[in-house]
Amino acid sequence: MTTKLCSLSFLEEGPDRSEIIVGVWDDYKCWKCHEKTRVIDWSWWNGEGEMWTENDQVGLKLQQMFPSYKKDYTKSAEADYYCNHCTKCGTIQGDWFVINWVAKERAEGRLPSDVVKLKMDRERT
């Protein structure tokens with residue numbers, strides 16, 4: 001499965017936004033504590049993907065299942081958005097670095113340790 005990166009736009013109506021496919025990666029190395037941590041990448045069921053989101057409906061749905069994917073402020077983006085955090089020390093994992101790492105893992109034939117499908121509530125999107 002190839003993941004495209006898209007803008008942080010709000011949800012659009014339609015069937016493309018009804019299900020999220022989440023790749024769970026358990027062996028990303030935290031830049032701060034150097035321990036292995038879980039990170040996720042996600043896409044809509046049609047393959048349109050994102051690594052982070054500003055959308056609270058999507059972010060909260062992902063955070064419910066993956067507590068280390070949570071909303072935080074980043075100085076580099078000067079914004080609050082949902083992103084990966086280290087499961088050991090709690091530090092934000094830089095989106096650029098996680099994106100590149102996931103892309104490299106996929107290019108080398110490695111797959112996520114788990115894939116999870118999450119249904120979105122149509123009336124909330």
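Values below: every heavy atom of this structure, side chains too, minus hydrogens, waters and symmetry copies.
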Enquirer: Answer yes if the ring centres of Phe97 and Trp31 are under 6.0 angstrom apart, and no otherwise.
Expert: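 That pair fails the under 6.0 Å test.
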Enquirer: Is a donor on one side and an acceptor on the other found under 3.5 Å between the side chain of Lys119 and the backbone of Ser18?
Expert: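 No, the answer is negative, given that no donor and acceptor are paired below the 3.5 Å cut-off.
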Enquirer: Begin from the C-alpha positions of Tyr81 and Asp95 and carry the test side-chain contact (heavy atoms from CB on, under 4.5 Å) through to its verdict.
Expert: CA-CA 11 Å; Tyr81 59 89; Asp95 299 322; 2.6 Å; yes
Enquirer: With no hydrogens and no angle check, is any side-chain donor or acceptor of Thr91 less than 3.5 Å from a backbone partner on Cys86?
Expert: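 Not at all, since once roles are kept as given, no pair shorter than 3.5 Å links the two residues.
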Enquirer: Measure the CD-NE2 distance between Gln93 and His85 for me, rounded to the nearest 0.5 Å.
Expert: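 Atom-to-atom, Gln93:CD and His85:NE2 are 8.5 Å apart.
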Enquirer: Indicate the atoms forming the closest heavy-atom contact of Lys36 with Thr87, along with that distance.
Expert: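 Scanning both residues, the minimum pair turns out to be O-OG1, 4.4 Å.
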Enquirer: Decide whether Trp96 and Val98 are clustered together by the hydrophobic rule: side chain heavy atoms of Ile, Leu, Val, Met, Phe, Trp, Tyr closer than 4.5 Å, transitively.
Expert: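 The answer is yes; both residues are in one hydrophobic cluster.
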Enquirer: Under 3.5 Å, is there a donor on one side chain and an acceptor on the other for Asn84 and Tyr28?
Expert: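 Note: Asn84 and Tyr28 side chains miss the donor-acceptor criterion.
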Enquirer: After noting the C-alpha distance and the side-chain angles of Leu62 and Tyr82, does the key distance pass the side-chain contact (heavy atoms from CB on, under 4.5 Å) rule?
Expert: CA-CA 9 Å; Leu62 289 166; Tyr82 292 86; over 6 Å; no
Enquirer: Measure the spacing between CH2 of Trp45 and CD1 of Ile20 and express it to the nearest 0.5 Å.
Expert: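 Rounded to the nearest 0.5 Å, the CH2-CD1 separation comes to 14.0 Å.
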Enquirer: Can you tell me if Asp26 uses its side chain to pair, donor with acceptor, with the backbone of Arg38 under 3.5 Å?
Expert: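 Not confirmed, Asp26 side chain does not pair with Arg38 backbone.
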Enquirer: For the residue pair Glu105 and Asp41, establish whether any side-chain heavy-atom pair is separated by less than 4.5 Å.
Expert: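 Glu105 does not reach Asp41 side chain to side chain.
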Enquirer: Consider side chain to side chain contact (heavy atoms under 4.5 Å, CB included). Of Val24, Ile40, Ile21, which one does Val116 pass it with?
Expert: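 When Val24, Ile40, Ile21 are each tested with Val116, the side chain to side chain contact (heavy atoms under 4.5 Å, CB included) holds only for Val24.
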Enquirer: Looking at Leu60, is its backbone amide N or carbonyl O close enough to the side chain of Lys71 to form a donor-acceptor pair, meaning the two atoms are under 3.5 Å apart?
Expert: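 Checked: no pair found.
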Enquirer: Begin with the C-alpha distance, continue with both residues' side-chain angles, and end with the deciding distance and a verdict on side-chain contact (heavy atoms from CB on, under 4.5 Å) for Thr53 and Lys61.
Expert: CA-CA 11 Å; Thr53 185; Lys61 186 81 164 182; over 6 Å; no
Enquirer: Starting at OG1 of Thr37, measure out to CH2 of Trp25 and round the result to the nearest 0.5 Å.
Expert: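 Between atom OG1 of Thr37 and atom CH2 of Trp25 there are 14.5 Å.
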Enquirer: Would Val22 and Tyr69 count as a side-chain contact (heavy atoms from CB on, under 4.5 Å) if you check the C-alpha gap in whole Å, the side-chain angles of each, and the deciding distance to 0.1 Å?
Expert: CA-CA 12 Å; Val22 182; Tyr69 187 84; over 6 Å; no
Enquirer: Please check: side-chain N/O of Glu78 versus main-chain N/O of Ser76, any donor-acceptor pairing under 3.5 Å?
Expert: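 Between the backbone of Ser76 and the side chain of Glu78 there is no qualifying donor-acceptor contact (under 3.5 Å).
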Enquirer: Quick one: do Val58 and Leu118 end up in the same hydrophobic cluster if we chain Ile, Leu, Val, Met, Phe, Trp and Tyr together by side-chain heavy atoms under 4.5 Å apart?
Expert: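 Cluster IDs for Val58 and Leu118 match.
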Enquirer: Looking at Arg110 and Asp27, is there a salt bridge between them, counting it only when a charged N and a carboxylate O are closer than 4.0 Å?
Expert: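 Looking at Arg110 together with Asp27, the answer is no, because their closest N to O distance does not fall below 4.0 Å.
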